[in-house]
Visitor: 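Sharing a structure below in C-alpha cells format, with a few things to ask.
Note: hydrogens, waters and symmetry copies are ignored here, and every other heavy atom, side chains too, is used. For reference, positions follow the sequence shown, starting with 1. Keep in mind that this is a model prediction, so the values were computed, not measured.
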Amino acid sequence: IVAVIEGRGLARGEVGMASIDLKNPEVVLSQFADNTTYAKVITKLRILTPLEIIMSNTACDTGNATKLFTLITENFKNVTFTTVQRKFFNEAKGLEYIEHLCTPEHNTVLMEVQSKYYCLAATAAVLKYVEFIQNSVYAPKSLRIRFHGSEQTAMIDSTSAINLELITNNRDPRNGHTLFGVLNYTKTPGGSRRLRSNILEPLIDTDTINTRLDSVQELLQDEELFFGLQSVISRFVDTEQLLSVLVQIPKQDTVNAAEAKITNLIYLKHTLELVEPLKDALKSYKTTLLKAYYSSLEDIRFGIILEKIKTVINDDTRYTKGCLSMRTQKCYAVKPNINEFLDIARRTYTEIVDDIAGMITQLAEKYNLPLKTSFSSARGFFIQMNCDCAAIHSGQLPSEFTKITKMKNVYSFTSPDLMKMNERCQESLREIYHITYLIVCKLLSETYEHIHCLYKLSDIVSMLDMLQSFAHACTLSDYVRPEFTDTLAIKQGWHPVLEKICFEKPISNNTYITEGSNFIIVTGPNMSGKSTYLKQIALSQIMKSNEYLGKRRIGCNKMIAEQIFTRIGMDDDIETNSSTFMQEMKEITYIIQNANDRSLIIIDELGRGTSPEEGIGICYAVCECLLNLRAFTLFATHFLELCQLDGLYPNVENNYLEVQHVRSSSGIRDNIAYTYILSKGHTEEKNYGLKAAELSSLPPSIIWDAKEIVTLIARQMLKQRSSPETLRQRAIYHLANRLVQAARNSQLDPDSLRMYLKGQKKKYEADFECIYKLFI
C-alpha cells in the first residue's frame, strides 16, 4: 500500500511517498523533486507494484484533479485508489509514528526525514490506513523504517523495463524468458524480491558493486562450500513475512489470528535454529561482505530469543510440509505441564482423532471395503477409496456415505458420524489454539526487545540468496567480471535471454562506445538482429551492477549509466487514442526531457509511423538533439540517409549487421543468409525490404513493379561525399579521444605505453595518407 502526496503552490513537483508491504514489516519513505512528466513517481510506483494507492481528496476532486493524480490513474488502471481527507496527511503525526514504531537500530532515519515534510505526511496516512483495514496495530519499536533515495541506483522507466523484458515476457507473461528468469536461481521469497528490485533499480555505486562482485567471485571458487551455503539458504522460510505477523498486535482475538500466531512462532524457532548452520557455511569465506555477514550472525540476541522459545516450546517442534503434520505441530507445540487446561484439551483432541481412525477401520470391516483415512484443511478428516473396487463398479456404495466426489482414480466421501466427530475435533482445536495463543503472546512480549535482530537476519539471507543466484547463473554461462571505466567496451557479448532459449550459442559481437564515439548508428536488413543487439547492450548494463560475469577473462569495461532509456516497439495504444507515430513521439519527448550525459539511450526504428521524408527529417533532428546531450546512444534505423551524420559529427559511428547472398536452387533469385555479425560502416544492401518481400507470398507482379519504382526514385537521390578537410578533422578528433582514454584508464607499464603511443602515431599517419590518395 502506497501513500502519495504532492506539495502545493510553489512546492508543486515536490512529492512524498510512503509504502508498506502487509507481508513485510518495513516502511519505505521517499521524497524528491520531479518534473512535469512525473517520471520518477511513475517509475517508483512501477517498482513497488502496489495493490492500493492512497491520495488526499483535494488532489482527486472530480473536475479539479491534479496532473499527478491523472497520470497515476492512467498508468495504474488495475490498482485500487483510495482517497482520504487531507488532515490524515499530517507530518507531525508521521514523525510521531516513526518515533513510536521504529526499531532502535534503524532510528537514524529520524535524522534523514525530520525536515522532509511530505514523506512524513505520507507516513501518517499509510500507517493510519493500515491499522484501519488490518484491525490491528504494530507493536512499539517493531518496524523497520528507512528513507530510500534514488541517488545510488540507475533509473529505468517503466516503458523501458517492459521493452527490455526485464521481469515479464511480452509475448507470454507466464514463461521465464526474461532477464529475471535468466538470473533467478534464488531459494527464498526474500531473495527473489531482492533480485527483482536490483534488476529494476541497478546500483551505480562502483564500490558497492565491486564488493558484491568480490563475494560472487569467492562463491565460485569452492564448489563444496558454495553448495553447503546454498543448502542452508534453501531451508529458510519467508523471514520478512514472518516478521510482519510477529510485530502485529490484533485488536480482536480470533481463531484465525491465534492459529497464525502459533504457526509463525514455529517458523521463528525454525529460522533461529538455522543461524548456526548459516554461520558454519560462511566461516571459511574471506571477502569483506561475507565476513561482515558472518560477524552479524554472532549477535547474541539470536540465541537469547531461541532460548526463551525453548523454555516454552518443545524441542522437536518444527516447520513441516503437509497440513495435518503442521496441525499436529501447532497442537503440541507448547511443552506439557505448562498449562493444565491445555494438557486436558490436547488429551481430548487425541482421543477424538483416535476415535475417527477406529471408526473408519470399523466401516472398512463392516462393508469389506479398502477404506483409508485422509485429511484436508477444508474438509477435515474424510474417507478415500480407489476406483478399482468392485463395489464402485456395481454402483452399490453404502447409503450412509455422503458427499461422494471423484478425483482421478480415487473416490472421496464422508458420513454423518464422521462429520459430527470433525465438529468435535474443531471445537477441541479452538480451545487448544486459544490457550496456546495466550502462552505464545506472553512469550513474544518477552522477546520484542530482542526481535530487531531478525531484520538483520532477513537482510543477510535475502542478500546471500541473491549472490548465490548470481554465482549459480555464472556456472551455466561464460560470463566475465566487468571493470568500471568511462568506456562501454564488451568483447564477444550476446543476448543473455537468447542464450537461454537457443539450442546453439548465439553469435557474439563486440561493442565499443566512448566519450569520443558516443553515438552509434546501426543499420542492416530486416531480421538481421538489430533489435536483439540493442537490447543486449542495455541488459549487459543492468547485469554489470549485480553479477560477476566469470570464467573467460575477456575484457569487459563498463561505464555506469545513471539512466537507461529505450524506444522500441510499434504498437498503437487504443486506450489513450494514440497511433503508432504518436506513441513514438511521446517516448522520444520523454527521453529528450529526462536524459543527460550519464544516460544510455536505445532507439530502434524511429519514424516508421509516418512518410519516409518526414521520418528521415524527424530522425535527423532527433539525432542532432541527442548528440548535444552527450549520452551514450545506439540508434537502429532503416533510413540510410542518417549514416551521413558521421561526416558532420566526428563522434558518430556507423555499424551494420552483415548478411550473405545465397543463390536459390532454381537459380532465379538470391536468398539472404543472416550472419548476425556486427561490422563497422553502414550496410551496402539496397532494397532489402523487397528481398524480404520476395520470401513472402506477395505476388511476383507486385514485387516487379516495386523494383521498377524504387529504381526510378534512386536515380533522383544525390550522394553526399565527405570533403578532405572533414576527414582530416575526424582523424584528429579520434586520435585526441584515444589519447584521453589512455590518460584516464591506462594501466600499462611505461614501455608498453610507449609502444601503444607509437602505434597510435602510425595509425594517424596512415589515415592521413589514405585521405591524401583519395582526393589527389
Visitor: Checking Lys93 against Tyr97: charged group under 6.0 Å from the ring centre and within 45 degrees of the axis?
Guide: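 That pair qualifies as a cation-pi contact.
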Visitor: Please check: side-chain N/O of Gln468 versus main-chain N/O of Asp465, any donor-acceptor pairing under 3.5 Å?
Guide: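 Between the backbone of Asp465 and the side chain of Gln468 there is a qualifying donor-acceptor contact (under 3.5 Å).
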Visitor: What pair of heavy atoms forms the shortest contact from Leu488 to Ile490, and how long is it?
Guide: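 Taking Leu488 first and Ile490 second, the nearest heavy atoms are CD2-CD1, 3.7 Å.
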Visitor: List the residues meeting side chain to side chain donor-acceptor pair (under 3.5 Å) with Asn314, not counting sequence neighbours, and say none if there are none.
Guide: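 Partners of Asn314 under the side chain to side chain donor-acceptor pair (under 3.5 Å) test: none.
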Visitor: Under 4.5 Å between any side-chain heavy atoms of Glu449 and Lys141, yes or no?
Guide: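 SC-SC contact between Glu449 and Lys141 ruled out.
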Visitor: Checking the side chain of Thr317 only, and the main-chain atoms of Ile313 only, is there a donor and an acceptor separated by less than 3.5 Å?
Guide: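 No; zero donor-acceptor contacts below 3.5 Å.
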Visitor: Would you indicate whether the side-chain heavy atoms of Ile20 and Val130 approach each other to under 4.5 Å?
Guide: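 A side-chain contact under 4.5 Å exists here.
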Visitor: Is a side-chain N or O of Ser296 found less than 3.5 angstrom from the main chain of Ala292, in a donor-acceptor match?
Guide: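 Present.
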Visitor: Salt bridge (Lys or Arg N to Asp or Glu O under 4.0 Å) between Asp459 and Arg144: does it pass, once the steps are laid out?
Guide: CA-CA 11 Å; Asp459 272 345; Arg144 176 167 57 181; 2.7 Å; yes
Visitor: State whether the side chain of Asn184 and the backbone N or O of Phe180 hold a donor-acceptor pair below 3.5 Å, judged by distance alone.
Guide: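 Answer holds: no.
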Visitor: Is the shortest distance from a Lys or Arg side-chain nitrogen in Lys310 or Asp315 to a carboxylate oxygen in the other one below 4.0 Å?
Guide: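 Salt bridge: no.
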Visitor: Would you call Lys286 and Glu218 a salt bridge, taking side-chain N to carboxylate O under 4.0 Å as the test?
Guide: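 No.
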Visitor: Between Lys23 and Asp21, is there a salt bridge with N-O shorter than 4.0 Å?
Guide: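 Result for this pair is no, no salt bridge flagged.
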Visitor: For Ile162 versus Asn170, what's the shortest heavy-atom pair and its separation?
Guide: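 Heavy atoms only, the tightest pair is O-ND2, 3.0 Å.
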Visitor: Between the side chains of Lys40 and Asp157, is the shortest nitrogen-to-carboxylate-oxygen separation below 4.0 Å, so that they form an ion pair?
Guide: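 Result for this pair is no, no salt bridge flagged.
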Visitor: Please examine the side chains of Leu600 and Phe565, heavy atoms only from C-beta on, and report whether any two atoms are closer than 4.5 Å.
Guide: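 The answer is no; the side chains never approach within 4.5 Å.
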Visitor: Scan residues 254-276 for pairs that pass ring-ring contact (aromatic ring centres under 6.0 Å, His included), counting only residues two or more places apart or in two chains.
Guide: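 Non-adjacent pairs meeting ring-ring contact (aromatic ring centres under 6.0 Å, His included): Tyr267-Tyr319, His270-Tyr319.
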Visitor: Any donor-acceptor pair under 3.5 Å linking the side chain of Ser197 with the backbone of Arg193?
Guide: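 Side chain of Ser197 to backbone of Arg193, a donor-acceptor pair under 3.5 Å: no, none is there.
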Visitor: Are side-chain heavy atoms of Thr103 and Ile145 found at a separation under 4.5 Å?
Guide: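 With C-beta onward as the side chain, the pair stays apart.
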Visitor: Okay, side chain of Ser160, backbone of Ile156: is any donor-acceptor separation there less than 3.5 Å?
Guide: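 Judged by distance alone, no pair lies under 3.5 Å.
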Visitor: When you measure from the side chain of Arg346 to the backbone of Leu429, do you find a donor-acceptor pair of N or O atoms at a distance under 3.5 Å?
Guide: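 A pair under 3.5 Å: no.
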Visitor: May I ask you to decide if Leu324's main-chain N or O and Thr328's side chain share a donor-acceptor pair within less than 3.5 Å?
Guide: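 Yes, Thr328 side chain to Leu324 backbone: donor-acceptor pair under 3.5 Å.
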Visitor: Got more than 12 heavy atoms from elsewhere within 6.0 Å of CD, Glu298?
Guide: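 Yes, because the 6.0 Å sphere around CD of Glu298 holds more than 12 heavy atoms from other groups.
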Visitor: Can you give me the closest heavy-atom contact between Asn75 and Arg46, atom names plus distance?
Guide: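 That closest heavy-atom pairing would be O-NH2, 3.2 Å.
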Visitor: State, without any angle test, whether Glu131 and Tyr138 hold a side-chain donor-acceptor pair at a distance under 3.5 Å.
Guide: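 No.
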Visitor: Check the surroundings of atom CD1 in Ile133: do more than 12 heavy atoms from other residues, nucleotides or ligands lie under 6.0 Å from it?
Guide: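 Yes, CD1 of Ile133 has more than 12 neighbouring heavy atoms, counting only those of other groups under 6.0 Å.
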Visitor: For salt bridge (Lys or Arg N to Asp or Glu O under 4.0 Å), just list the numbers for Lys505 and Asp478, CA-CA rounded to whole Å, side-chain angles, deciding distance to a tenth of an Å, and then say yes or no.
Guide: CA-CA 11 Å; Lys505 195 167 186 176; Asp478 287 337; 3.4 Å; yes
Visitor: Kindly confirm or rule out a cation-pi arrangement of Lys116 over Phe147, judged by NZ or CZ under 6.0 Å from the six-membered ring centre and within 45° of its axis?
Guide: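 Output yes; distance and angle both within limits.
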